[in-house]
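Worksheet: the structure to be examined is printed underneath.
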Protein chains: 2
Amino acid sequence: MGQISYRQIKEDVRSKVVRGVWALGAELPKEEDMAADYGCARATVNRALRELAEEGLLERKRKSGTRVRQAPVRQARFDIPLVRREIESLGERYTYRLLEREETQAPAWLCARMRLTRPDPVLHLRCLHVAGDTHYQVEDRWINLTTIPAAREADFTTQGPNEWLIATIPFSDVEIGFSATAADADLARDLGCALGDPLFQGERSTWLNDAPVTYVRMVFGRGYKMTTRY
Amino acid sequence: MGQISYRQIKEDVRSKVVRGVWALGAELPKEEDMAADYGCARATVNRALRELAEEGLLERKRKSGTRVRQAPVRQARFDIPLVRREIESLGERYTYRLLEREETQAPAWLCARMRLTRPDPVLHLRCLHVAGDTHYQVEDRWINLTTIPAAREADFTTQGPNEWLIATIPFSDVEIGFSATAADADLARDLGCALGDPLFQGERSTWLNDAPVTYVRMVFGRGYKMTTRY
DNA sequence: TTGAGTTATATGGATAGACATAAAAAAGGC
DNA sequence: GCCTTTTTTATGTCTATCCATATAACTCAA
């Protein structure tokens, strides 16, 4: 007995919306009626519609019903991989190098970024991630030693701080941002590009139960593009 | 009678994972047992675990069971809003200006980007989006007139092509990418920045049932940062 | 020992029925 | 007419029970 699946219903509804059978803003029949039409239980229709609403195609409200979103939400999802994995998945050999390591007090700009009230002691690391022969990314990492004192003892000469941190505190709240920056003398040297070259950079601040953990600035080599499809 | 909700179970499981009660890679009890523990139906546990798996915290496989992901997937979700809405939600006045409009044949680089086999006729638009007094974004838009002939008649002097396209073909397949670029003479003039300034840019190619629709390059004013939290 | 076939089992999914809840619509009071 | 209260109703969620399906683990023969 061929039962109809919530997937089929999802696709049918999606197709009806895309083909314009239900226009933007139009109201869909209620779950009960759709279930009768499809010859299935209400729960099956419910799951299909609920998932489509999560994906941003539909809008649902108790009592008022389900309608096609006026402006379907366009959202891009980027997986944030470990640099090492990203490079390896490109089929390139991954090399890592620690350029610099110092223990200091958080400068004012860092206190602002990490929402610190006092200039906590921090570990500042500067690392290079290489893909084959090309200098892929410079990682400028600041770790709060008050929150993560264990970082003081960690050896970052063979393993990047990102991987160490993920193994140490796998779950945290994150704020992430992407922007463009110009290569300064250090970046030009480390990434092998010209002074002033436009570079793509990501910045990430991390908290563990509201305690500031780390701030990192990841500057990518010339021509890097972060892409996705949806 | 206080029934337990799938949300509570989700939070309880999440907390157990975050607190390390279940370590990375550890196997969770089977749904049936968890349901017995929580005193609820298996479907309730199922929904909680299913959603946590979707969020990237857990990994599930038939017969083998549920376990905590070794490397919890870190994914960032960016909502891609209309420039107008983005600017308005900043509390700024939105102004739009059409800088240039020409009908031509797709140049070679565009054919590559849009996966065109022939140099189709295209409509090329150059637009400026202004937030208050600051030049916010330059939109460099190419519309395939073979796929969307109606664009030839559309008036883009008052409404941006992005909004027109969304109203005309709300659903499509999209490939999106972000990178850094240097301001050329045109960009420097239109965005009011210096020649060579590093600028953040997004590129988007769009298809409707495999037919190439449009390619757009959106270059943002100096200092723009695309941010999100998770 | 190894490969092919079988079985057991955890998740995946469907159903019917019940109650909860938010909010639109109707009813009532002034 | 206008505000408050009640009713109605579509979605939200839970239960109990079924069958489906992938696959790990086992069986057994070559």
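Sequence lines set the chain letters: A, B, ... in the order given, protein chains first and strands last, and positions in each chain run from 1. Every heavy atom of this structure was used, including side-chain atoms; hydrogens, water molecules and symmetry mates were not.
Looking only at distances, no side-chain donor or acceptor of B:E11 sits under 3.5 Å from a matching main-chain atom of B:Q8.
Residues of residues 8-18 of chain B that place a heavy atom closer than 4.0 Å to DNA chain C do not occur.
For the residue pair B:Y136 and B:E86, a side-chain donor N or O sits within less than 3.5 Å of a side-chain acceptor on the partner.
The number of heavy-atom neighbours closer than 6.0 Å to CD of A:E27, taken from other residues, nucleotides and ligands shown, is above 12. No more than 12 heavy atoms of other residues, nucleotides or ligands sit less than 6.0 Å from atom CZ of B:R97.
Heavy-atom minimum distance, A:Y6 versus A:A48: O-CB, 3.5 Å. For the pair B:T206 and B:V174, the tightest heavy-atom approach, listed with the atom from each and the gap, is OG1-CG2, 4.0 Å.
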Legend entry - nucleotides 10-17 of chain C: protein proximity per nucleotide (B base, S sugar-phosphate only, - neither; heavy atom, under 4.0 Å): BBBBSBS-
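Taking atom CE on B:M34 and atom P on C:dT9, their separation rounds to 20 Å, with Å as the unit.
Partners of A:R7 by side chain to side chain donor-acceptor pair (under 3.5 Å), not counting sequence neighbours: none found.
Using a 4.0 Å cut-off between a side-chain N of Lys or Arg and a carboxylate O of Asp or Glu, B:R85 and B:E88 do not qualify as a salt bridge.
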